[in-house]
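Take a look at the structure set out below.
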Amino acid sequence: MRPARALIDLHALRHNYLLARARHGGRALAVIKANAYGHGAIACAKALSGVADGFAVAFLDEALSLRAAGIQHPILLLEGVFDTDELDAVMREQLWIVVHHAAQIDMVERTPASQPLHVWLKINTGMNRAGFLPEQAPAAWQRLHDSGRVASCTLMTHFARADEPDVLSTTDQIAVFDDATRHLPGPRSLANSSAVLGWQAAHRDWARPGILLYGADPLPAADNGLRPVMTLQSQVMAVRDIPAGAALGYGGRFVAERATRVGLVAMGYADGYPRTVPDGTPVAVDGHPTCLIGRVSMDMLTIDLTDVPGCGIGSTVELWGAQVPVNRIASAAGTIAYELLCNVKRVRFEYQG
Ligand SMILES: *Cc1c(COP(=O)(O)O)cnc(C)c1O
């Protein structure tokens, strides 16, 4: 069997969730959109079901598959509904919805209420992506209230730059939020992962941690005690010696400066390992640090075994995990850990804990 696999440590997932909720106080929705950032939404929801206050996903279908798997917790749709049919499903399945633009209030008003709705009213406090302008918030709240269909309304916003500890726009966003909601009742929710870890002033009734649950610290300069959940791993399947001056792989990008022992690893960009990383990107072989050499191809990649003579065919290769932080690979690839984790596919998923 091809040895490429993603090991998912569900103990670590629970640890990270509980750490986030303790740091924030109040309650926390575990954000498991995009198949739990590539980790498997149903398995993660089940693993968190004994501890989590609720879950958040992006849209209806993600929530329906959790309900079909028996998850009965509150589930918030972060994009809300796209049409009134979806609103029927929301009522039937007792889902919670974000309302972030006026057409969604129209839908609430038009739909006969079979069940009271739990709404999270999203206010744009400076990210300028989704949400009502601060000055529109009271009127939006009033329309929802007057619709007679809304049982509860939580007030929320989302930060653009909470992962940058020295940038003051987060402080500005908090002030805009407080000002816009001063006369509105209801619970508040501001903090994503980086605000849970880095912005105490954003801690209110509900946190919405995503990436931190998976142990990829959005503020890695501080040691926040998160544990990596995914280990992306494979094995050396063949070994070859190349002389100094030989080129390796597509494009001949890597040219050996010395006689080099090359390990061929069953992992490629079709598995979600990024093609864009340069020579020298870290990997761990049987626990020893070494590096990638040559371009990543679709099904395979190559690593330098010259200085780890004890390693060979069958040696375990960690692409990311406890020894190789996924943040390191993300920065080598010019992206963020979120994107790498979401992209993992084709490998076997094995759950522990
Ligand atoms: C995805 C998302 C989150 C989680 O963000 P992280 O940075 O992964 O913690 C929180 N809130 C909203 C509205 C989101 O869309």
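As the structure lists them, so they are numbered: ligands from 1, and atoms in each ligand from 1. Everything numeric in this text was worked out from a predicted model, so none of it was measured.
Note: no N/O pair closer than 3.5 Å links Leu212 and ligand 1 by distance alone. In terms of polar-atom proximity, defined here as any N/O pair under 3.5 Å, Lys33 does make such a contact with ligand 1. Of the N or O atoms in Tyr338, one or more lie within a sub-3.5 Å distance of an N or O in ligand 1. Note: no N/O pair closer than 3.5 Å links Met156 and ligand 1 by distance alone.
Which parts of ligand 1 touch Leu78 is read off a 4.0 Å heavy-atom cut-off, strictly below it: atoms 13 (C), 14 (C), 15 (O).
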Could you walk me through whether Arg208 and Ser189 pass the side-chain hydrogen bond (donor to acceptor under 3.5 Å, both in side chains) check?
-> CA-CA 7 Å; Arg208 307 186 309 270; Ser189 175; 2.9 Å; yes
Where do Tyr214 and Asp9 land on the side-chain hydrogen bond (donor to acceptor under 3.5 Å, both in side chains) test, with the steps shown first?
-> CA-CA 9 Å; Tyr214 311 102; Asp9 180 349; over 6 Å; no
ring-ring contact (aromatic ring centres under 6.0 Å, His included) between Trp206 and Trp96, intermediate numbers included | CA-CA 14 Å; Trp206 285 93; Trp96 296 1; 5.7 Å; yes
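Residues Gly268 and Arg2 share a closest heavy-atom pair of N-NH2, 4.3 Å. Between Val236 and Gly312, the closest heavy-atom pair is CB-O, 3.3 Å.
When the heavy atoms of Ala30, Ala216, Ser193 are ranked by distance to atom 9 (O) of ligand 1, first place goes to Ser193.
Here Ile211 has heavy atoms under 4.0 Å from ligand 1 in both its backbone and its side chain.
Within the model, atoms CG of Asp217 and CD1 of Ile211 stand 10.0 Å from one another, a figure rounded to the nearest 0.5 Å.
Under 3.5 Å, the side chains of Thr111 and Arg149 contain no donor-acceptor pair of N or O atoms.
Closest to atom 10 (C) of ligand 1, if we only count protein heavy atoms, is Arg208 O, 3.4 Å. Looking at atom 8 (O) of ligand 1, its nearest protein heavy atom turns out to be Tyr37 OH, 2.6 Å. Among all non-hydrogen protein atoms, the one lying nearest atom 12 (C) of ligand 1 is His158 CE1, 3.5 Å.
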